[in-house]
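Take a look at the structure below.
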Amino acid sequence: MTDVRKLRILIVDDQSAQTGALCDVLRQYQYEAEGCGSAESALERLQAQSFDLMLSDLNMPGMDGIELVKAAMQRDPDLACIIMTGEGSIATAVRAMQAGALDYIVKPFKASSLLPVLARAQATRSLRLANAELERQLRLNVIELAEANQRLEQARTAAEHANAEKSRFLSNMSHELRTPLNGILGFAQILAADKLPATQLEKQRFARNIVQSGQHLLKLVNEILDLARIEAGKVPLAIEAVDLPTVLQECRMMVTPLAAKHDVSLGFGAVPPLRLRADRTRLVQVLINLLSNAIKYNREQGKVAVACSAAEGQRLRISVTDTGPGLDADQLQHIFQPFNRLARDEAEEGSGLGLALTRRVVEAMQGFVGVESKPGQGSTFWIELQLAPETTQLVQHA
Ligand SMILES: Nc1ncnc2c1ncn2[C@@H]1O[C@H](COP(=O)(O)OP(=O)(O)OP(=O)(O)O)[C@@H](O)[C@H]1O
Ligand SMILES: [Mg+2]
């Protein structure tokens with residue numbers, strides 16, 4: 001759309017007859033002209049309204065044309081200023097141009113000589129404005145480019161991090177797979193070597209070891225596959241409203257023998273009659289891992305306490321607290337990573353994938369996991385899951 005607005009010009013001259021005549025002439029040439037008798041009143045006008053051009057006398061009582069140009073351009077750097085000067089003061093007019101005026105015209109002048117000066121000044125002003133717009137665009141582009149670069153850098157760092165994680169995972173996995181495999185091969189070789197003196201009892205022991213290592217290997221492989229499938233988002237979750245008391249009771253029955261074996265007592269606090277949005281089988285898997293960890297990594301005659309509490313955003317928190325050795329800050333940082341078994345717990349059976357699976361499964365169910373622990377003071381592992389819609393009311397009043 002073309003701009004049809006008339007150009008606005010401010011004429012500043014202490015001789016009002018001169019100003020009035022000039023305004024009249026310029027109005028005939030499609031200018032919107034306004035006159036001012038002093039530099040001071042011109043500045044007030046410029047403050048109140050925006051002008052495209054200013055045509056100012058050089059010598060005026062009070063503030064002169066040069067000072068006016070400086071002050072006006074400070075307010076609006078794009079204002080096109082032209083100085084009117086007498087024959088003898090051209091050198092001063094040059095000073096005015098150095099102060100920012102675009103041009104000067106020697107008095108007295110005719111309209112025919114003023115108009116080209118105004119047109120030139122206006123053209124320069126348009127160029128300046130276009131230039132300023134280009135600069136603004138350029139600055140915007142530079143900012144956008146910098147932001148894009150930053151995003152790219154972040155993506156690169158994330159990719160490198162993921163790559164390092166994968167490599168670490170692969171090397172840990174090979175190590176974990178090799179241990180039981182070596183066991184199987186070792187015992188099988190003994191059994192296969194006829195020359196070795198082995199009693200029937202020993203042979204049975206070797207065979208048992210092979211079976212145990214094989215089972216461990218199978219569990220490992222299954223869990224690795226499970227982890228990979230969950231990570232790839234390929235595990236279909238059957239989300240339903242799962243009854244909390246029933247699930248906790250089921251888990252309790254399942255871990256009671258392990259608790260008895262480790263001489264650890266189980267305490268389930270008051271379980272609210274709520275239903276959670278979860279995949280039932282996966283929820284049991286998660287809770288069994290937290291409970292069995294709390295039992296396995298506990299002390300003799302230790303305790304495990306399960307508690308339920310309302311959490312933010314219509315969620316319920318299930319916490320499993322133990323009286324075990326606790327974890328320091330470094331251990332806490334890596335505890336949910338795969339194969340992160342602590343050296344002190346090597347005696348306990350496990351593949352080191354339980355917590356990694358727990359985190360991924362809970363997050364896939366739009367929940368959260370976390371842990372609070374201090375060395376020597378036991379640990380509390382917790383999960384938070386959404387409540388099924390019809391039970392959200394209950395927990396608010398709980
Ligand atoms: N409650 C706890 N207290 C202290 N250490 C714990 C606790 N839970 C887990 N850990 C430590 O974190 C490691 C990882 O636990 P995770 O459940 O992932 O694997 P795991 O129990 O070794 O094997 P599995 O895959 O059979 O669960 C454990 O080996 C143990 O060293
Ligand atoms: Mg575990």
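All ligand and atom numbering here is 1-based and tracks the order in the structure. No experiment lies behind these values; they were computed from the predicted model shown.
Using a 4.5 Å heavy-atom cutoff, the side chains of Leu276 and Asp243 are not in contact. A 4.5 Å side-chain heavy-atom check between Leu114 and Leu22 finds at least one atom pair inside the cut-off. Looking at Arg75 and Gln47, their side chains come closer than 4.5 Å, going by heavy atoms from C-beta outward. Looking only at side-chain heavy atoms (C-beta outward), Phe381 and Ile335 come within less than 4.5 Å of each other.
The distance criterion of under 3.5 Å between nitrogen or oxygen atoms is met by Leu353 with respect to ligand 1. For Ala294, no nitrogen or oxygen atom sits less than 3.5 Å from a nitrogen or oxygen atom of ligand 1, counting backbone and side chain alike. Residue Pro325 places no N or O, backbone or side chain, under 3.5 Å from any N or O of ligand 1. When only interatomic distances are considered, the shortest N/O to N/O separation between Leu342 and ligand 1 falls below 3.5 Å. Annotation: Gly354 places an N or O atom under 3.5 Å from an N or O atom of ligand 1; distance criterion only.
Close contacts of ligand 1 with Asp322, meaning ligand atoms under 4.0 Å from a residue heavy atom, involve 1 (N), 2 (C), 3 (N). Residue Leu327 approaches ligand 1 through these ligand atoms, each under 4.0 Å from one of its heavy atoms: 5 (N). Interface atoms of ligand 1 facing Leu355, defined by a heavy-atom separation under 4.0 Å, are 9 (C), 15 (O), 16 (P), 17 (O), 18 (O). In the vicinity of Asn289, heavy-atom distances shorter than 4.0 Å reach the ligand 1 atoms 17 (O), 27 (O). Short contacts between ligand 1 and Glu223, defined as distances under 4.0 Å to a heavy atom of the residue, involve ligand atoms 25 (O). Within the listing of ligand 1, atoms 3 (N) sit less than 4.0 angstrom from a heavy atom of Ser379. Interface atoms of ligand 1 facing Phe381, defined by a heavy-atom separation under 4.0 Å, are 1 (N), 2 (C), 7 (C), 8 (N).
Backbone or side-chain N, O or S atoms of Ser292 do not reach the Mg ion (ligand 2) at under 2.8 Å. One of the N, O or S atoms belonging to Asn289 lies under 2.8 Å away from the Mg ion (ligand 2).
Proximity of Lys296 to ligand 1, defined as any heavy-atom pair under 4.0 Å, is confined to the side chain (atoms from C-beta onward).
The main-chain N or O of Ser379 is found under 3.5 Å from a side-chain atom of Asp322 such that the two form a donor-acceptor pair.
Between Lys107 and Asp57, at least one side-chain N (NZ, or NE/NH1/NH2) sits under 4.0 Å from a carboxylate O, which counts as a salt bridge. Taking 4.0 Å as the cut-off between side-chain N and carboxylate O, Asp78 and Arg125 do not count as a salt-bridged pair. Using a 4.0 Å cut-off between charged nitrogen and carboxylate oxygen, Arg139 and Glu144 do not count as a salt-bridge pair. Using a cut-off of 4.0 Å between Lys/Arg side-chain N and Asp/Glu carboxylate O, Glu384 and Arg315 are scored as salt-bridged. Here Arg280 does not pair with Glu240 in a salt bridge; the nearest charged N to carboxylate O distance is not below 4.0 Å.
Within a 6.0 Å sphere centred on CZ of Arg359, heavy atoms belonging to other residues, nucleotides or ligands number more than 12.
Scanning all protein heavy atoms for the shortest distance to atom 6 (C) of ligand 1 gives Tyr297 CD1, 3.6 Å. Considering only non-hydrogen protein atoms, atom 24 (P) of ligand 1 sits nearest to Ser351 N, 3.5 Å. Among protein heavy atoms, atom 11 (C) of ligand 1 sits closest to Ile335 CD1, 3.7 Å. Ranking protein heavy atoms by distance to atom 19 (O) of ligand 1, first place goes to Gly352 CA, 3.1 Å. When hydrogens are left out, the protein atom nearest atom 13 (C) of ligand 1 is Asn340 O, 3.4 Å; that is the closest non-hydrogen contact. From the protein, the heavy atom lying nearest to atom 4 (C) of ligand 1 is Arg344 NH2, 3.4 Å. Ranking the protein heavy atoms by distance from atom 17 (O) of ligand 1 puts Asn293 ND2, 2.8 Å first. For atom 31 (O) of ligand 1, the closest non-hydrogen atom on the protein side is Asp345 OD2, 2.6 Å.
Remark: of the listed residues Arg8, Lys6, Arg27, Arg8 is the sole one forming a side-chain hydrogen bond (donor to acceptor under 3.5 Å, both in side chains) with Glu32.
Summarising the geometry of Trp382 relative to Val371, their closest heavy-atom pair is NE1-N, 3.8 Å, with the distance given to 0.1 Å. Contact between Pro236 and Asp279 at its shortest, heavy atoms only, is O-OD2, 4.1 Å. Taking each heavy atom of Ala72 and Leu43 in turn, the nearest pair found is N-CD2, 4.0 Å.
By the 4.0 Å heavy-atom criterion, Gly324 is excluded from the residues contacting ligand 1. At least one heavy atom of Lys219 sits closer than 4.0 Å to an atom of ligand 1.
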